[in-house]
Amino acid sequence: MSKLIYFKRYLYVVDRLRSRPSSFAALQKYVIDKLQKDEVDTDFEYAIRTFERDKKDIESLFGIVIQYDRKDKTYFIDEDEIEDQSVTRMIDAFSIHHALQEGDKLSPSVFLEKRKSLGTEHIHGIIHAIQNNFILKFNHQKHWEDFKTQRIVKPIAIKESQQRWYLVALDIKDDVIKTFGMDRISNLTITDSTFKPIPYNVEKEFKDAFGVETYEPATKIVLEFTKVQGNYAKSFPLHDSQHILEENEEHVLLSIFMHPTHDIIMEILKLGAEVKVITPISLQIKVKNKIAEMTKLYQ
C-alpha cells in the first residue's frame, strides 16, 4: 500500500473525529467509503488493530491525540488540545480540496477568494535556509519607497499575517531583527555561508501583535461593538487575548491585549461605525485623527 493511501487514511480519521465523536463501526465505514470514492483498492479489512496503529501514527505525525469515551463508546478529538495550529490549517485545506474534487455538482457551488498572497514561491527555499542556517541574500522594496535595497540576512522564521507572509530575520547590516514582506522580496539567493542559530522566540515576540508591528508597548485595549458586529467578533476573535467584558442587547464590550500599532488601527477603521475605541485614550485619538483625515477627502 502506498504512503499516500496511509496519509489519506490518517486525514480521513482526523476529519471525521473533528466533526463528531464516532464509534469504531461508524468510523470504519466512513474511512472505507471515502477511500472507495478515491478509487483506492480497499480489499483490506480496516480492523480495530489497524485503527490502533493509525492512532499512534496520527499522534506521532500531527501531535493529535484520539481519545475514547468509555461511557458513549466513541472516539473523539479535543480541538483545544491541538497545539500546532499549522496542523489544523493543513487538515482544513485537505478537507476543502477533497470536497472540491468529489464531483462536478459541488465545485460550481464553492467560490474561493481570487486574491492570493504574493511571495509564496519563496517559502520552500527560505524554510530550507532556516533549517540549515544558510545566509540569504535578496533585494527588498518597501511599499513607501520607489527603490530596492540589497539585504543580507540570517533567517529565523516565516510568519503569516493578514494573508501575507513575512520573513523574520537578522539584518547583518545593523545586526537588528526585522520583518520583510515576502511579496516585496526579489532575486532571492541561498548562499553557502552558514551562521550559528539565533536565540529568538518568535511566538513570544509577536504574541501581543495584531500583525507584525511591535513598535508600541503592548497595552489593554477596550472596544465597544454594536451587538451585530460584536457577534462577528465573538465568532472570529481579533486576537488570542480577546475577552468579553460586557454584553447586552445594545453592544458588546471586548478587551484585547496588544501593541496599539498601525495594523490594529487599520482593522478598527475597517469596521467603521460598528466599533468604538474606549481605552486607551491615546489610541482613541489616533483613530479619531484618521477619521478626520478621511472626512476631508470627501469635502
What residues, two or more places apart in sequence or in another chain, satisfy ring-ring contact (aromatic ring centres under 6.0 Å, His included) together with [X]?
X	answer
Phe24	Phe51
Phe76	none
Phe138	Phe180

N/O donor to acceptor pairs below 3.5 angstrom from side-chain atoms of residues 287-299, sequence neighbours left out:
residue: Asn289; atom: ND2; partner: Ile285; partner atom: O; Å: 3.4
residue: Thr295; atom: OG1; partner: Ile291; partner atom: O; Å: 2.8

Should we say atom NE2 of His124 is surrounded by more than 12 heavy atoms from elsewhere, each under 6.0 Å from it?
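Check fails, neighbour count at 12 or below.
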
Looking at Lys148, I want to see if its NZ is surrounded by more than 12 non-hydrogen atoms of other residues, nucleotides or ligands under 6.0 Å.
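Counting neighbours around NZ of Lys148, 12 or fewer heavy atoms of other residues, nucleotides or ligands fall under 6.0 Å, so no.
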
Rounded to the nearest 0.5 Å, what separation is found between the [atom1] atom of [X] and the [atom2] atom of [Y]?
X	Y	atom1	atom2	result
Arg16	Leu27	CZ	CG	7.0 Å
Ile58	Ile66	CD1	CD1	4.0 Å
Ile77	Ser19	CD1	OG	9.0 Å
Ile156	Ile130	CD1	CD1	8.5 Å
Thr191	Leu136	OG1	CG	7.0 Å
Tyr12	Tyr46	OH	OH	12.5 Å

Which heavy atom in [X] sits nearest to a heavy atom in [Y], and how many Å separate them?
X	Y	result
Ile48	Tyr75	CD1-OH, 3.7 Å
Glu145	Gln141	O-NE2, 3.0 Å
Pro155	Ala169	CA-CB, 3.8 Å
Leu238	Gln242	N-OE1, 2.9 Å
Ser23	Thr74	N-CG2, 3.9 Å

Sequence neighbours excluded, which residues qualify as side chain to side chain contact (heavy atoms under 4.5 Å, CB included) partners of [X]?
X	answer
Lys207	none
Thr194	Phe134
Phe236	none
Tyr232	Val228, Gln229

Asp57 side chain to Tyr6 side chain, donor-acceptor N/O pair below 3.5 angstrom
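Looking only at side-chain atoms, Tyr6 and Asp57 do not form any donor-acceptor pair under 3.5 Å.
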
Close side-chain approach of [X] and [Y], heavy atoms under 4.5 Å:
X	Y	value
Phe62	Leu11	yes
Ile126	Met182	yes
Lys220	Val222	yes
Ile190	Asn132	no
Leu170	Tyr200	no
Asp208	Ser241	no
Trp165	Asp183	no
Ile135	Ile172	yes

Would [X] end up clustered with [Y] when hydrophobic side chains under 4.5 Å apart are linked, directly or stepwise?
X	Y	answer
Tyr30	Leu35	yes
Leu188	Tyr166	no
Phe206	Leu167	no
Val202	Ile123	no
Val168	Val153	no

Under the criterion side chain to side chain contact (heavy atoms under 4.5 Å, CB included), which of Ile32, Val14, Thr50 is the partner of Arg9?
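Exactly one pass, corresponding to Thr50.
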
Looking at residues at least two apart in the chain, or sitting in another chain, which of them share a salt bridge (charged side-chain N to carboxylate O under 4.0 Å, His left out) with Arg151?
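Partners of Arg151 under the salt bridge (charged side-chain N to carboxylate O under 4.0 Å, His left out) test: Asp171.
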
Quick one: which residue pairs count as a side-chain hydrogen bond (donor to acceptor under 3.5 Å, both in side chains) with a foot in residues 273-284, not counting sequence neighbours?
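Listed once each, the pairs are Thr226-Glu274.
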
Report the C-alpha distance between Ile221 and Thr219 in whole Å, list the side-chain angles of each, state the deciding distance to 0.1 Å, and finish with yes or no for side-chain contact (heavy atoms from CB on, under 4.5 Å).
CA-CA 6 Å; Ile221 298 171; Thr219 187; 4.2 Å; yes

Which pairs would a plain distance check flag for residues 262-270, meaning a side-chain donor or acceptor within less than 3.5 Å of a matching protein atom at least two apart in sequence or in another chain?
residue: Asp263; atom: OD2; partner: Val212; partner atom: N; Å: 3.4
residue: Glu267; atom: OE1; partner: Lys270; partner atom: NZ; Å: 3.1

Salt bridge check, Arg49 against Glu52: does any charged N sit closer than 4.0 Å to a carboxylate O?
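Salt bridge absent between Glu52 and Arg49.
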
Listed pairs under 3.5 Å, donor-acceptor, residues 244-259 side chains, sequence neighbours left out:
residue: Glu246; atom: OE2; partner: His251; partner atom: NE2; Å: 3.0
residue: Glu247; atom: OE1; partner: Lys234; partner atom: NZ; Å: 3.4
residue: Glu247; atom: OE2; partner: Lys227; partner atom: NZ; Å: 2.8
residue: Glu247; atom: OE2; partner: Lys234; partner atom: NZ; Å: 2.5
residue: Asn248; atom: OD1; partner: Glu250; partner atom: N; Å: 2.7
residue: Asn248; atom: OD1; partner: His251; partner atom: N; Å: 2.9
residue: His259; atom: ND1; partner: Glu216; partner atom: O; Å: 2.5
residue: His259; atom: ND1; partner: Ala218; partner atom: N; Å: 3.4

